[in-house]
Asker: 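Encoded as structure tokens, here's the structure I'll be asking about.
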Amino acid sequence: LIERIKEKVTAGRDPSYGFSQMDWWWTPDPDSQAFADAHGGALSAPIVDMVNEVVASVRQEIPDARLGTLAYQFTYQPPKDLPVSDHVVVTVAPIEADFAHPLISERNQQMGAALHTWTELSRNVVVWTYNTNFQNYLLPFPNYRAMCESVRQLAARSVPGYFGQAAWDNGGGAELAHLRLWVLSRLLWDPEEDYDALIEEFVEGYYGAGGREVLEYLRLLVDAVERSGASLPCFIPT
């Protein structure tokens, strides 16, 4: 890590580096499991403890270094009674959320509660959220209002970073990708903007004479999800 960070600094970049788990599950060794059990049963506990120790060691040679790690899948549950170093950036990724509703809501009670706890444990939180159906990028994904409300919630908690993942492996983009990009850009500049008005402004400007019909279609989709109580995960089989 020291070598990698020094390479970045030499290239004129910031003294930071990511230090995270892979996507698959982790079966902890007995000592790690015992440490997790001592901190609320959270498998994030031994990871946080390790990254805290590693960043302290790295900073002995690079005083302003920072490390990033993930709260994702098996590490999403935050630890109890274990603060995160001020020099660690935690990227919180609620991949199992219901994206038809804001991240902090009754429908996302466990996901939202964990996210809120992470914001209390660390002042360096980035939220990595999801704005598409990864099993079919072109299917309707009516999270438009929930996506916007989530940005407001994060801003209210002074979360300093946001990343909304969409069609990462498809050059053609995803359903209404341009709308999401434009509206999110405006909200990240000013979270208090009227997001319904922003959506309307984009649709009328982008689709021209057909804008009113497109807006009616978007509202129909969102209202149908809300009335039916259907969930909106980011993996929906086709």
Asker: Any carboxylate oxygen within less than 4.0 angstrom of a Lys/Arg side-chain nitrogen, looking at Glu200 and Arg212?
Answerer: yes

Asker: Nearest 0.5 angstrom please: Arg219 CZ to Arg145 CZ, how far?
Answerer: 7.0 Å

Asker: Keeping the roles fixed (side chain from Asn136, backbone from Pro237), state whether a donor-acceptor pair exists under 3.5 Å.
Answerer: no

Asker: Set out, in order, the CA-CA distance, both residues' side-chain angles and the distance that settles side chain to side chain contact (heavy atoms under 4.5 Å, CB included) for Tyr162 and Leu184, then state yes or no.
Answerer: CA-CA 10 Å; Tyr162 174 94; Leu184 280 171; 3.6 Å; yes

Asker: Please tell me if the side chains of Leu139 and Glu175 come closer than 4.5 Å, counting only heavy atoms from C-beta onward.
Answerer: no

Asker: Given 3.5 Å as the limit, does a donor-acceptor pair link the side chain of Arg107 with the main chain of Gly229, or not?
Answerer: yes

Asker: Indicate the atoms forming the closest heavy-atom contact of Tyr137 with Gly173, along with that distance.
Answerer: CB-O, 4.0 Å

Asker: Taking the side chain as everything from C-beta on, heavy atoms only, tell me whether Val88 gets closer than 4.5 Å to Ser122.
Answerer: no

Asker: Where do Pro79 and Ser44 come nearest, in terms of heavy atoms and distance?
Answerer: CD-OG, 3.2 Å

Asker: Is Tyr17 reachable from Phe19 through a run of I, L, V, M, F, W or Y residues, each pair having side-chain heavy atoms under 4.5 Å apart?
Answerer: yes

Asker: Walk me through whether Val90 and Val48 qualify under side chain to side chain contact (heavy atoms under 4.5 Å, CB included).
Answerer: CA-CA 9 Å; Val90 181; Val48 167; 5.9 Å; no

Asker: Give a yes or no on whether the backbone of Ser32 and the side-chain of Asp29 come within a donor-acceptor separation of less than 3.5 Å.
Answerer: yes

Asker: What distance separates Ile47 CD1 from Asn52 CG, expressed to the nearest 0.5 Å?
Answerer: 11.5 Å

Asker: Please say yes or no: joined through hydrophobic side-chain contacts below 4.5 Å, possibly via intermediate residues, are Leu187 and Leu103 part of one cluster?
Answerer: yes

Asker: Mark yes when over 12 heavy atoms from residues, nucleotides or ligands other than Glu53 sit less than 6.0 Å from its CD; otherwise mark no.
Answerer: no

Asker: Where do Ser85 and Val55 come nearest, in terms of heavy atoms and distance?
Answerer: OG-CG1, 3.8 Å

Asker: Decide yes or no on side chain to side chain contact (heavy atoms under 4.5 Å, CB included) for Ile104 and Arg157, but give the supporting numbers first.
Answerer: CA-CA 11 Å; Ile104 299 175; Arg157 288 163 174 78; 3.4 Å; yes

Asker: With distance as the sole test, does Gln135 use its side chain to make a donor-acceptor pair with the main-chain N or O of Ile236 at under 3.5 Å?
Answerer: yes

Asker: Looking only at atom types and distance, does a side-chain atom of Glu204 sit under 3.5 Å from a main-chain N or O of Leu215, one as donor and one as acceptor?
Answerer: no

Asker: Parallel, tilted or perpendicular: which describes the rings of Trp25 and Phe74, with under 30° parallel and over 60° perpendicular?
Answerer: perpendicular

Asker: Work out which heavy atom in Val58 is nearest to a heavy atom in Ala65; give both atom names and the distance.
Answerer: CG1-CB, 3.7 Å

Asker: Compare all side-chain heavy atoms of Thr69 with those of Thr75 and state whether any distance is below 4.5 angstrom.
Answerer: no

Asker: Donor-acceptor check, side chain of Tyr76 to backbone of Met111, threshold 3.5 angstrom: yes or no?
Answerer: yes

Asker: Using a 4.5 Å cut-off on heavy atoms from C-beta on, say whether the side chain of Ile95 contacts that of Cys234.
Answerer: yes

Asker: Is it true that Val151 and Leu179 fall in one hydrophobic cluster, defined by side-chain heavy atoms closer than 4.5 Å?
Answerer: yes

Asker: Taking all heavy atoms of His101 and all of Ser105, pick out the closest pair and write down the distance.
Answerer: CB-OG, 3.7 Å

Asker: Calculate, to the nearest 0.5 Å, the distance between atoms NZ and CG belonging to Lys80 and Leu82 respectively.
Answerer: 13.0 Å

Asker: Does the side chain of Trp26 come within less than 4.5 Å of Pro46's, by heavy atoms?
Answerer: yes

Asker: Side-chain contact test, heavy atoms from C-beta onward, threshold under 4.5 Å: evaluate it for Arg186 versus Tyr195 and give yes or no.
Answerer: no

Asker: Treat each ILVMFWY residue as a node, draw an edge where side-chain heavy atoms are under 4.5 Å apart, and state whether Val125 and Tyr72 are in one component.
Answerer: yes

Asker: Would you say CD of Glu96 has more than 12 non-hydrogen atoms from neighbouring residues, nucleotides or ligands within 6.0 angstrom?
Answerer: no

Asker: Start with the C-alpha distance between Asn143 and Tyr130, add both sets of side-chain angles, then the distance that settles side chain to side chain contact (heavy atoms under 4.5 Å, CB included), and finish with yes or no.
Answerer: CA-CA 10 Å; Asn143 74 326; Tyr130 304 87; over 6 Å; no

Asker: Specify the closest pair of heavy atoms between Ala114 and Pro78, including all atoms of both residues, with the distance to one decimal.
Answerer: CB-CD, 3.6 Å

Asker: Determine whether more than 12 heavy atoms belonging to other residues, nucleotides or ligands lie under 6.0 Å from atom CD of Glu216.
Answerer: no

Asker: Is the backbone of Arg66 close enough, under 3.5 Å, to the side chain of Asp14 for a donor and an acceptor to pair up by distance?
Answerer: no

Asker: If you round to the nearest 0.5 Å, how far is CD1 of Ile199 from SG of Cys148?
Answerer: 4.5 Å

Asker: Return the NE2 to CD distance between His116 and Glu120, rounded to the nearest 0.5 Å.
Answerer: 3.5 Å

Asker: For the pair Glu149 (side chain) and Pro102 (backbone), establish whether a donor and an acceptor sit closer than 3.5 Å, ignoring hydrogens and angles.
Answerer: no

Asker: Would you find more than 12 non-hydrogen atoms of other residues, nucleotides or ligands less than 6.0 Å from Asp81 atom CG?
Answerer: no

Asker: Could you tell me the separation between the CG atom of Leu1 and the OG atom of Ser16, rounded to the nearest 0.5 Å?
Answerer: 11.0 Å

Asker: Can you say whether the rings of Phe99 and Phe141 are parallel (under 30°), tilted (30 to 60°) or perpendicular (over 60°)?
Answerer: tilted

Asker: With a 4.5 Å heavy-atom cut-off, do Leu67 and Ile5 have their side chains touching?
Answerer: yes

Asker: Are any side-chain N or O atoms of Ser231 and backbone N or O atoms of Asp98, one a donor and one an acceptor, separated by less than 3.5 Å?
Answerer: no

Asker: In terms of the angle between their ring planes, are Phe235 and Phe134 parallel, tilted or perpendicular, with boundaries placed at 30° and 60°?
Answerer: tilted

Asker: Could you check whether any side-chain heavy atom of Tyr217 comes within less than 4.5 Å of a side-chain heavy atom of Pro140, counting everything from C-beta outward?
Answerer: yes

Asker: For Phe202 and Trp182, take the angle between the two ring planes, folded into 0 to 90°, and tell me which bin it lands in: parallel under 30, tilted 30 to 60, perpendicular over 60.
Answerer: tilted

Asker: With the 4.5 Å side-chain cut-off for hydrophobic clustering, are Leu181 and Leu176 part of the same group?
Answerer: no

